[in-house]
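Letters A, B, ... mirror the listed sequences (proteins, then strands); counts begin at 1.
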Amino acid sequence: MEKTLIRNIEDAVKGLYGQVPDISKLQIQETRKEFEGDITVVVFPLLQYSKKSPEQTATDIGNYILDVNPGIDSFNVVKGFLNLRLNKRALMQVFNGLMQSGKKDFFSDNAGGAVTLVEYSSPNTNKPLHLGHIRNNLLGYSLSRILTACGHRVYKTNIVNDRGIHICKSMLAWKLFGEGKTPADTGIKGDHFVGKYYVEFENAYRKEIEKLVSGGLTPEEAAERSELMAEARELLRKWEAGDRETVELWQMMNSWVYEGFDATYRELGVDFDKIYYESDTYKKGREIISYGLKKGLFYKKDDGSVWVELSGEDLDEKLLLRADGTAVYMTQDLGTAVERYNDFSFERQYYVVGNEQNHHFKVLKIILKRLGYEWAGGIHHFSYGMVNLPEGRMKSREGKIVDADDLLATMFTTASEMSDELGKLHDFSREEKERIHRKIGLAALKYFILKVDPRKNMLFNPRESIDFNGNTGPFIQYTYARIRSVLRKAGEYEGKDGDIHDDPELNEKEKELIKLLGRFDDIIADAAEMLNPSIIANYVYDLAREFNQFYHDYSILGEEDVSVRLFRIRLSDISGETIKRAMWLLGIDMPERM
RNA sequence: GGUUCAGUAGCUCAGCUGGAUAGAGCAACGGCCUUCUAAGCCGUAGGUCGCAGGUUCGAAUCCUGCCUGAAUCACCA
């Protein structure tokens with residue numbers, strides 16, 4: 001419709017004023033609710049061609065469109081705004097188009113699409129996942145689905161940070177205090193089990209430092225003198241040297257962590273096509289760095305550390321390899337990027353990583369380009385904001401975190417309590433009920449996080465943030481469940497599969513629904529272009545709200561006119577499908593009943 | 001100090017590639033279940049869009065300066 005209008009306007013300006021307008025400046029928008037009409041053309045940009053008043057120009061163009069466009073019934077002019085009224089024929093055309101395409105499979109036409117990698121999650125193996133990871137996972141998963149819907153061939157990847165001093169700390173604490181226990185012995189989930197020893201290390205280390213400081217050392221001297229830290233470093237050195245006992249311990253503890261992560265990922269409903277491990281890719285990173293050294297792209301300092309000079313890019317020099325030859329963050333990210341390209345020959349790669357890493361990814365891209373990798377132009381840091389608590393930033397060392405498993409469990413129990421109170425699922429088995437409660441709890445959490453613009457820091461208040469009413473996931477699910485309920489009952493009505501003979505007269509709610517539904521494809525494209533799932537979330541909320549108003553104001557199955565009833569059933573059907581598809585893009589499942 | 005991002009109702013957030021009288025939800029108050037699921041619908045109240053300039057027919061939106069907050073500029077990953 002919009003495209004037709006743009007052509008109409010172009011023709012109008014040519015015909016009326018003898019000039020070719022710059023259509024990129026055209027402003028066409030939804031008519032605001034306070035005014036009469038459906039689509040509004042802002043005519044101010046056209047005054048330069050008409051050399052007439054805004055009102056006169058709008059009237060001229062309105063008349064022209066009325067003549068040539070059979071979908072427009074009437075128009076009115078308010079100041080410089082030309083409000084066009086769509087007729088039933090135009091709207092039914094949109095509706096019929098939706099009936100054709102509105103249920104199509106998002107995977108149907110991406111066989112030849114651009115190969116696109118999305119990296120997300122990126123956990124460290126020394127502690128369990130927390131709320132920050134949840135935001136990361138949800139954004140990554142949703143982004144993958146949105147890009148898929150836009151024709152990309154998407155591969156979801158994860159880089160597991162499984163090596164380094166942090167895991168050595170957990171290993172050391174387990175050796176010192178673990179008494180040979182395992183997650184199976186203690187009944188503690190593997191990632192929490194290992195995380196417990198990381199905390200024990202930090203506590204013991206802090207005590208050691210305090211003792212040294214009270215003995216008269218400065219904190220810096222104390223840190224250098226720390227035996228615990230020295231032992232942890234020794235473990236790291238042994239690990240890099242391939243010491244068998246150390247490597248076996250490392251493997252055992254990591255395997256515990258992975259069991260735990262897998263469980264959390266399963267609960268969250270996210271998955272990956274390929275998982276990379278830093279313990280593999282850092283080696284590749286080292287190779288790349290010696291190659292860069294040979295090429296003169298990097299340089300070695302006297303102590304043996306390797307650097308790259310970035311002052312030409314308004315940045316400082318950046319360390320690539322420590323003096324003792326061990327790897328840093330950048331080392332392994334260079335290796336991972338190259339391995340990924342070797343594996344996938346991707347056109348695009350999105351790194352879903354918090355905005356605290358903005359600098360890192362800027363540097364990563366520059367270095368890859370200097371190394372001559374042309375594909376480096378296709379990598380992009382999907383930078384998102386932090387999740388803050390009412391008391392400020394989450395700090396795992398101080399225990400001020402929201403644990404992912406705890407949070408998920410809370411969501412499920414809250415959903416159960418709420419549902420039991422309403423008592424609508426009394427005829428379901430316990431297992432069925434639980435499955436639905438999980439869907440609802442997850443939807444509440446996922447929607448809460450995804451409805452916020454990813455770039456922004458957001459606030460999570462454990463006591464107040466998770467709601468099940470209003471602009472929430474459960475509200476949208478509820479709308480869907482209502483629609484499904486109507487459609488189940490619609491089976492009893494005759495003529496369900498027949499044709500709608502005469503286009504029905506459309507009421508305001510039906511018109512609004514059709515217009516909203518007609519925008520869905522543009523919304524998906526917008527979300528993909530802006531890399532912003534919240535656009536989908538806000539759209540689906542508007543849609544659900546609009547449907548609830550329609551549902552409240554008009555009877556669907558109680559409508560006596562067969563043609564109108566059939567139309568409303570189908571409108572409900574397509575609304576439900578669109579809600580479901582939109583929520584799918586957010587990674588949120590819909591219950592048939594709730 | 002440099003760079004980047006943010007500041008909209010009591011709270012959480014939309015709106016930001018310039019368009020009409022700035023929107024939702026929560027919280028507060030008041031209505032609507034004998035009728036397709038009340039996790040719903042309707043209404044009341046709530047705003048100097050951080051501040052000051054500028055650009056223009058028009059600025060929450062663009063530009064400049066300032067204020068406030070966050071992140072980063074690390075041999076922690």
Side-chain angles (χ1 to χ4, degrees), chain A residues 24 27 29 31-35 40 42-45 47 54 78-81 83 122 124 126 161 163-167 278 303 305 307 314-316 318-324 326-333 354-360 362-363 383 385-386 388 390 392-393 415 418-419 421-422 424 440 444 448 451-453 455-461 464-465 467-479 481-490 493 529-530 534-535 537-538 541-542 544-545 547-559 568-569 572 593-594:
Chain A
S24 69
Q27 293 266 355
Q29 58 197 236
T31 301
R32 296 182 61 120
K33 289 254 160 65
E34 317 83 270
F35 299 94
T40 293
V42 184
V43 300
F44 289 107
L47 301 185
V78 182
K79 293 192 273 182
F81 299 90
N83 302 319
S122 328
N124 290 357
N126 63 326
N161 184 7
R163 63 161 283 278
I165 192 73
H166 53 281
I167 181 69
E278 191 193 337
D303 66 359
S305 55
W307 298 75
D314 269 346
L315 298 164
D316 291 330
K318 181 85 186 172
L319 178 82
L320 299 178
L321 214 55
R322 292 196 189 94
D324 63 3
T326 55
V328 292
Y329 191 24
M330 189 58 77
T331 320
Q332 66 93 9
D333 256 3
N355 59 16
E356 54 196 350
Q357 300 298 345
N358 286 354
H359 182 255
H360 173 81
K362 201 168 157 189
V363 172
S383 168
M386 302 287 99
N388 294 319
R393 205 179 167 183
M418 184 116 185
S419 175
E421 209 173 293
L422 291 167
K424 293 178 187 175
I440 297 169
F448 176 80
K451 75 175 174 181
V452 180
D453 186 331
R455 292 172 304 141
K456 292 191 176 177
N457 290 349
M458 63 181 289
L459 188 106
F460 181 85
N461 186 330
E464 296 168 12
S465 283
D467 225 314
F468 290 75
N469 300 309
N471 186 358
T472 66
F475 165 81
I476 295 161
Q477 289 180 317
Y478 173 73
T479 310
R482 268 179 152 182
I483 292 171
R484 298 305 299 167
S485 173
V486 169
L487 293 176
R488 279 192 299 273
K489 288 177 180 159
Y493 286 79
E529 194 191 326
M530 311 286 284
S534 79
I535 292 173
N538 288 312
Y541 172 65
D542 284 343
R545 207 156 46 105
F547 184 85
N548 277 321
Q549 290 170 13
F550 163 68
Y551 179 95
H552 178 268
D553 291 355
Y554 299 95
S555 182
I556 298 162
L557 302 177
E559 169 60 41
R568 286 185 185 165
I569 288 170
S572 302
R593 283 184 56 181
M594 68 184 274

Think A:R32 has a side-chain N or O under 4.0 angstrom from the OP1 or OP2 of B:A20?
yes
Considering residues, nucleotides and ligands other than A:E421, do more than 12 of their heavy atoms fall under 6.0 Å from its CD?
no
Select base, sugar-phosphate, or nothing to describe what A:D324 touches, counting heavy atoms under 4.0 Å on all strands.
nothing
Quick one: side-chain contact (heavy atoms from CB on, under 4.5 Å) partners of A:E529, sequence neighbours excluded?
none
Considering only the P atoms, how many Å lie between B:C76 and B:C51, rounded to the nearest integer?
42 Å
Mark up nucleotides 34-42 of chain B, 5' to 3', with B wherever a protein heavy atom is under 4.0 angstrom from a base atom, S wherever such an atom reaches only the sugar-phosphate, and - elsewhere.
--BBSBSSS
Classify the side chain of A:N83 and the base of B:A20 as holding, or not holding, a donor-acceptor pair under 3.5 Å.
yes
Kindly write out the residues that satisfy side-chain contact (heavy atoms from CB on, under 4.5 Å) with A:V363, not counting sequence neighbours, or none if the list is empty.
A:L310, A:L315, A:K318, A:M330, A:H359, A:I367
Measuring only the C1' atom in each nucleotide, how far is B:G30 from B:A70? A whole number of Å is fine.
41 Å
Looking only at atom P, what distance separates B:C42 and B:G54, rounded to whole Å?
43 Å
Looking at every strand, decide which applies to A:S465 at a 4.0 Å heavy-atom threshold: base, sugar-phosphate, or nothing.
nothing
So, is B:C33 syn or anti if syn means the angle is within 90° of 0?
syn
Record whether the side chain of A:D453 comes under 3.5 Å of the base of B:C16 through a donor-acceptor pair of N or O atoms.
no
Which residues satisfy the side-chain contact (heavy atoms from CB on, under 4.5 Å) test with A:Y478, sequence neighbours excluded?
A:K424, A:R482, A:M594
Between B:G25 and B:C41, how far apart are the two C1' atoms, rounded to whole Å?
15 Å
What distance, rounded to whole Å, do you find between the two C1' atoms, one in B:A60 and one in B:A14?
12 Å
Closest heavy-atom contact between A:N355 and A:N457?
ND2-OD1, 3.7 Å
When the distance from CG of A:N457 to P of B:U72 is rounded to whole Å, what number comes out?
11 Å
Could you state the atom-to-atom distance from CD of A:Q332 to C1' of B:C75 in whole Å?
15 Å
Review item, nucleotides 7-12 of chain B N/O atoms under 3.5 Å of protein N/O:
residue, atom, partner, partner atom, Å
B:G7, OP1, A:K456, NZ, 3.3

Which nucleotide sits closest to the side chain of A:N358: B:C75, B:U4, B:A70?
B:U4
Indicate the ring-plane relationship of A:F550 and A:F547, choosing parallel, tilted or perpendicular according to the 30° and 60° boundaries.
perpendicular
Over 60° means perpendicular and under 30° means parallel, so classify the ring planes of A:H360 and A:Y329, tilted if in between.
parallel
For the residue pair A:Y541 and A:K451, establish whether any side-chain heavy-atom pair is separated by less than 4.5 Å.
no
Do the non-hydrogen side-chain atoms of A:I569 and A:L487 ever get within less than 4.5 Å of each other?
yes
Give one of base, sugar-phosphate or nothing for A:Y541, where a contact means two heavy atoms less than 4.0 Å apart.
sugar-phosphate
Of A:I535 and A:G164, whose closest RNA chain B nucleotide lies nearer the 5' terminus?
A:I535
What does A:D333 touch in the nucleic acid at a heavy-atom separation under 4.0 angstrom: a base, only the sugar-phosphate, or nothing?
nothing
Applying a 4.0 Å non-hydrogen cut-off, can you work out what A:E278 is touching in the nucleic acid: base, sugar-phosphate, or nothing?
sugar-phosphate
C1' atoms of B:G7 and B:G47, separation to the nearest Å:
15 Å
Taking atom types as modelled, find out whether A:D467 and A:T472 have a side-chain donor-acceptor pair closer than 3.5 angstrom.
no
Taking it one step at a time, do A:W307 and A:L320 satisfy side chain to side chain contact (heavy atoms under 4.5 Å, CB included)?
CA-CA 5 Å; A:W307 298 75; A:L320 299 178; 5.9 Å; no
Aromatic-base stack, A:Y329 on B:C76, cutoff 5.5 Å, angle under 30:
no
How many Å lie between NZ on A:K33 and P on B:U21, as a whole number?
18 Å
A:D542 atom CG is separated from B:A24 atom C1', nearest whole Å, by 8 Å
Taking it one step at a time, do A:M418 and A:I440 satisfy side chain to side chain contact (heavy atoms under 4.5 Å, CB included)?
CA-CA 10 Å; A:M418 184 116 185; A:I440 297 169; over 6 Å; no
Rounded to whole angstrom units, what separation is found between the NE2 atom of A:H359 and the P atom of B:C73?
7 Å
Kindly confirm whether the side-chain ring of A:F35 is stacked on the base of B:A20, judged by centres under 5.5 Å and planes under 30°.
yes
Specify the separation, in whole Å, of atom CD1 of A:I165 and atom C1' of B:A74.
16 Å
Applying a 4.0 Å non-hydrogen cut-off, can you work out what A:P390 is touching in the nucleic acid: base, sugar-phosphate, or nothing?
nothing
Figure out the CD/P separation between A:E356 and B:C5, and round it to whole Å.
17 Å
Please tell me which of A:V78 and A:H166 maps to the more 5' nucleotide of RNA chain B, matching each residue to the nucleotide holding its nearest heavy atom.
A:V78
Rounded to the nearest angstrom, tell me the gap between atom NE2 in A:H360 and atom P in B:U72.
13 Å
Does the side-chain ring of A:F81 lie flat on the base of B:A20, meaning centres under 5.5 Å and planes less than 30 degrees apart?
yes
Under the side chain to side chain contact (heavy atoms under 4.5 Å, CB included) test against A:Y551, which residue among A:T479, A:I483, A:I556 passes?
A:I556
Verdict with supporting geometry, A:F35 and A:V78, side chain to side chain contact (heavy atoms under 4.5 Å, CB included):
CA-CA 9 Å; A:F35 299 94; A:V78 182; 4.1 Å; yes
Considering only atom P, compute the distance from B:C32 to B:A38 and round it to an integer number of Å.
16 Å
Are there runs of at least three consecutive Watson-Crick or G-U pairs touching RNA chain B, with each pair's two distances under 3.5 angstrom? Give them by first number.
B:1-7 with B:67-73, B:10-13 with B:23-26, B:28-32 with B:40-44, B:50-54 with B:62-66
Using atom P of each nucleotide, how far apart are B:A28 and B:G65 to the nearest Å?
45 Å
Shortest non-hydrogen contact from A:F468 to A:P474?
CD2-CG, 3.3 Å
